[in-house]
Amino acid sequence: MRLLVEGLSARRGEDLIFNDISFSLAAGEALVVTGPNGSGKSTLLRVLAGLLQAETGKISLKDGPPGFEHPHELSHYLGHRNAMKRELTVEENLSFWRRFLGNSPGGSGIDLAAAAEAVGLAGITHLPFGYLSAGQQRRMAMAKLLVAYRPIWILDEPTAALDAGADRLFAGLVTSHLERGGIVIAATHQSLGIGQSKTLQMTGFSH
Ligand SMILES: Nc1ncnc2c1ncn2[C@@H]1O[C@H](COP(=O)(O)OP(=O)(O)OP(=O)(O)O)[C@@H](O)[C@H]1O
């Protein structure tokens, strides 16, 4: 499977945020998107995740599973926010995502307890998500990537609020996803510690 992005541009309101972005990622490859605040990293990721419409350009899959027209149907999106309900327990939140996302062809998610264990937080899934510390909440948001299988991970500053141990843990999760033939696109201001990756430097436009 290969993800192809050709001549992508996007607008927010009146402003063109980026123009003519092209890249291609094969199974097992990662793209790290860097650039200063406001340069358009989150906007690009939201376009790739199908949450915003591109102004121009094309996002497509080559040799992907049949029946999927847009890569976002095969993607996990982890944004700045964790997309978990504070009042529901961790377990209820993860079960919701497991059911809602379902598995893409080619893999299946791991069970909730195993996912909590994988992010180093076994034993606290009965707590309301809102009781967790900021770092624990981010770790649990990562567990969402594991409970439903999606080959493409789109991650917006995934390691913000994480301690060094969680950074390493997260690098391990990303590395094993890549080793299994996944694709990862991550916007970040810090190193992801994942070894080899492609990079895309966003520059933005001055208005
Ligand atoms: N809803 C919106 N309407 C108009 N402009 C917006 C909107 N959302 C974002 N922008 C503008 O788009 C530009 C790019 O924002 P974006 O969040 O993509 O940057 P970023 O590179 O992810 O920044 P950061 O590193 O701070 O997260 C900014 O100038 C921002 O003000």
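Every heavy atom of this structure was used, including side-chain atoms; hydrogens, water molecules and symmetry mates were not.
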Trainee: Suppose we screen for salt bridge (charged side-chain N to carboxylate O under 4.0 Å, His left out). Which residues come up paired with Lys198, at least two apart in sequence or across chains?
Mentor: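 With sequence neighbours excluded, Lys198 shows a salt bridge (charged side-chain N to carboxylate O under 4.0 Å, His left out) to Glu29, given in chain and number order.
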
Trainee: Do Leu127 and Thr89 come close enough that some side-chain heavy atom pair is under 4.5 Å?
Mentor: no

Trainee: Hey, are the side chains of Glu55 and Ser9 touching, using non-hydrogen atoms and a 4.5 Å cut-off?
Mentor: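 Of all side-chain heavy-atom pairs linking Ser9 with Glu55, at least one is under 4.5 Å.
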
Trainee: Please list all pairs meeting ring-ring contact (aromatic ring centres under 6.0 Å, His included) that have one or both residues in residues 93-128, counting only residues at least two apart or in different chains.
Mentor: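 Matches after skipping sequence neighbours: Phe96-Phe100, Trp97-Phe100.
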
Trainee: Is the backbone of Leu162 close enough, under 3.5 Å, to the side chain of Thr159 for a donor and an acceptor to pair up by distance?
Mentor: no

Trainee: Which residues satisfy the side chain to side chain donor-acceptor pair (under 3.5 Å) test with Ser22, sequence neighbours excluded?
Mentor: none

Trainee: Check Lys41 against Pro36 and note the closest heavy-atom contact, atom names and distance.
Mentor: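 The answer is NZ-O, 3.0 Å.
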
Trainee: Can a donor-acceptor pair be found, under 3.5 Å and without considering hydrogens, that links the side chain of Lys144 to the backbone of Met84?
Mentor: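 No: the side chain of Lys144 does not pair with the backbone of Met84.
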
Trainee: Atom CG in Leu44, atom CG in Asp156: separation rounded to 0.5 Å?
Mentor: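 Answer rounded to 0.5 Å: 9.5 Å.
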
Trainee: Hey, could you give me the NE2/CG distance between His80 and Leu155, rounded to the nearest 0.5 Å?
Mentor: 11.5 Å

Trainee: Is there a path of hydrophobic side-chain contacts, each under 4.5 Å between heavy atoms, that joins Leu101 and Leu173?
Mentor: yes

Trainee: Drop me the distance from Leu178's CG to Ile183's CD1, to the nearest 0.5 angstrom.
Mentor: 9.0 Å

Trainee: Is there a side-chain contact between Met1 and Pro151 in this structure, where contact means two heavy atoms from C-beta onward sitting under 4.5 Å apart?
Mentor: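 Heavy-atom side-chain distance check passes, below 4.5 Å.
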
Trainee: So Val119 and Leu169, do their side chains get closer than 4.5 Å, heavy atoms only?
Mentor: yes

Trainee: May I ask you to decide if Ser176's main-chain N or O and Glu179's side chain share a donor-acceptor pair within less than 3.5 Å?
Mentor: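 Not confirmed, Glu179 side chain does not pair with Ser176 backbone.
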
Trainee: Excluding sequence neighbours, so at least two apart, what forms ring pair (Phe, Tyr, Trp, His ring centres under 6.0 Å) with His70?
Mentor: His72

Trainee: Considering residues at least two apart in sequence or located in another chain, which fulfil the salt bridge (charged side-chain N to carboxylate O under 4.0 Å, His left out) criterion with Arg168?
Mentor: none

Trainee: Side chain to side chain contact (heavy atoms under 4.5 Å, CB included) between Leu121 and Gln136: does it pass, once the steps are laid out?
Mentor: CA-CA 8 Å; Leu121 295 177; Gln136 288 175 329; 3.9 Å; yes

Trainee: According to the ring-ring contact (aromatic ring centres under 6.0 Å, His included) rule, which pairs have a member within residues 164-190, sequence neighbours left out?
Mentor: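 Matches after skipping sequence neighbours: Trp153-His177.
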
Trainee: Check this for me: Glu157, atom CD, are more than 12 non-hydrogen atoms of other residues, nucleotides or ligands nearer than 6.0 Å?
Mentor: yes

Trainee: Have Ser108 and Asn103 got a donor and an acceptor in their side chains that come within less than 3.5 Å?
Mentor: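 Side-chain D/A pair, Ser108 to Asn103: absent.
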
Trainee: For Arg11 and Gln53, what are the C-alpha separation, side-chain angles and deciding distance, and is it a side chain to side chain contact (heavy atoms under 4.5 Å, CB included)?
Mentor: CA-CA 9 Å; Arg11 199 174 278 284; Gln53 221 167 0; over 6 Å; no

Trainee: Quick one, Val33 with Ile185, criterion side chain to side chain contact (heavy atoms under 4.5 Å, CB included). Give me CA distance, side-chain angles, the key distance, then yes/no.
Mentor: CA-CA 7 Å; Val33 184; Ile185 300 159; 4.0 Å; yes

Trainee: Indicate the atoms forming the closest heavy-atom contact of Gly7 with Asp20, along with that distance.
Mentor: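 Closest heavy-atom pair between Gly7 and Asp20: CA-OD1, 3.3 Å.
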
Trainee: Who are the side-chain contact (heavy atoms from CB on, under 4.5 Å) partners of Phe68, not counting sequence neighbours?
Mentor: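 If we apply the side-chain contact (heavy atoms from CB on, under 4.5 Å) test to Phe68, skipping adjacent residues, the hits are Pro65, Glu73, Leu74, Pro105.
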
Trainee: Partners of Ala114 by side-chain contact (heavy atoms from CB on, under 4.5 Å), sequence neighbours excluded?
Mentor: Ile110, Asp111

Trainee: Do Met142 and Leu88 sit in the same hydrophobic cluster, where Ile, Leu, Val, Met, Phe, Trp and Tyr count as joined when their side-chain heavy atoms come under 4.5 Å apart?
Mentor: no

Trainee: Test of understanding: with side-chain contact (heavy atoms from CB on, under 4.5 Å), list the residues that count as partners of Thr43, not counting sequence neighbours.
Mentor: Ala10, Arg12, Ile17, Phe18, Leu52

Trainee: Rounded to the nearest 0.5 Å, how far does CD1 of Ile152 lie from OG of Ser75?
Mentor: 4.0 Å

Trainee: Taking C-beta and beyond as the side chain, do Val147 and Leu112 meet within less than 4.5 Å on heavy atoms?
Mentor: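 A side-chain contact exists here, since the closest heavy-atom pair is under 4.5 Å.
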
Trainee: From Leu200 CG over to Ile21 CD1, what is the distance, rounded to the nearest 0.5 angstrom?
Mentor: 5.0 Å

Trainee: Do the non-hydrogen side-chain atoms of Ile59 and Leu48 ever get within less than 4.5 Å of each other?
Mentor: yes

Trainee: Of all heavy-atom pairs between Leu146 and Ala118, which one has the smallest distance, and what is that distance?
Mentor: CD1-CB, 3.8 Å

Trainee: Kindly indicate whether the side chain of Arg138, heavy atoms from C-beta on, has any atom under 4.5 Å from the side chain of Ser133.
Mentor: no

Trainee: Who passes side-chain contact (heavy atoms from CB on, under 4.5 Å) against Val90, sequence neighbours left out?
Mentor: Leu94, Thr125, Phe129, Leu132, Met140

Trainee: List in chain and number order the residues that pass ring pair (Phe, Tyr, Trp, His ring centres under 6.0 Å) with Phe23, two or more places apart in sequence or in another chain; answer none if no residue qualifies.
Mentor: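 Result, ring pair (Phe, Tyr, Trp, His ring centres under 6.0 Å) vs Phe23: none returned.
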
Trainee: Please check if Leu61 and Tyr149 belong to a single hydrophobic cluster, counting links between Ile, Leu, Val, Met, Phe, Trp and Tyr side chain heavy atoms closer than 4.5 Å.
Mentor: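 No; Tyr149 is not reachable from Leu61 via cluster members.
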
Trainee: Report the residues that fulfil salt bridge (charged side-chain N to carboxylate O under 4.0 Å, His left out) with Asp163, sequence neighbours left out, ordered by chain and then residue number.
Mentor: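 Counting only residues at least two positions away or on another chain, Asp163 forms a salt bridge (charged side-chain N to carboxylate O under 4.0 Å, His left out) with Arg139.
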
Trainee: What is the distance from atom CG of Leu4 to atom OG of Ser60, rounded to the nearest 0.5 Å?
Mentor: 4.5 Å

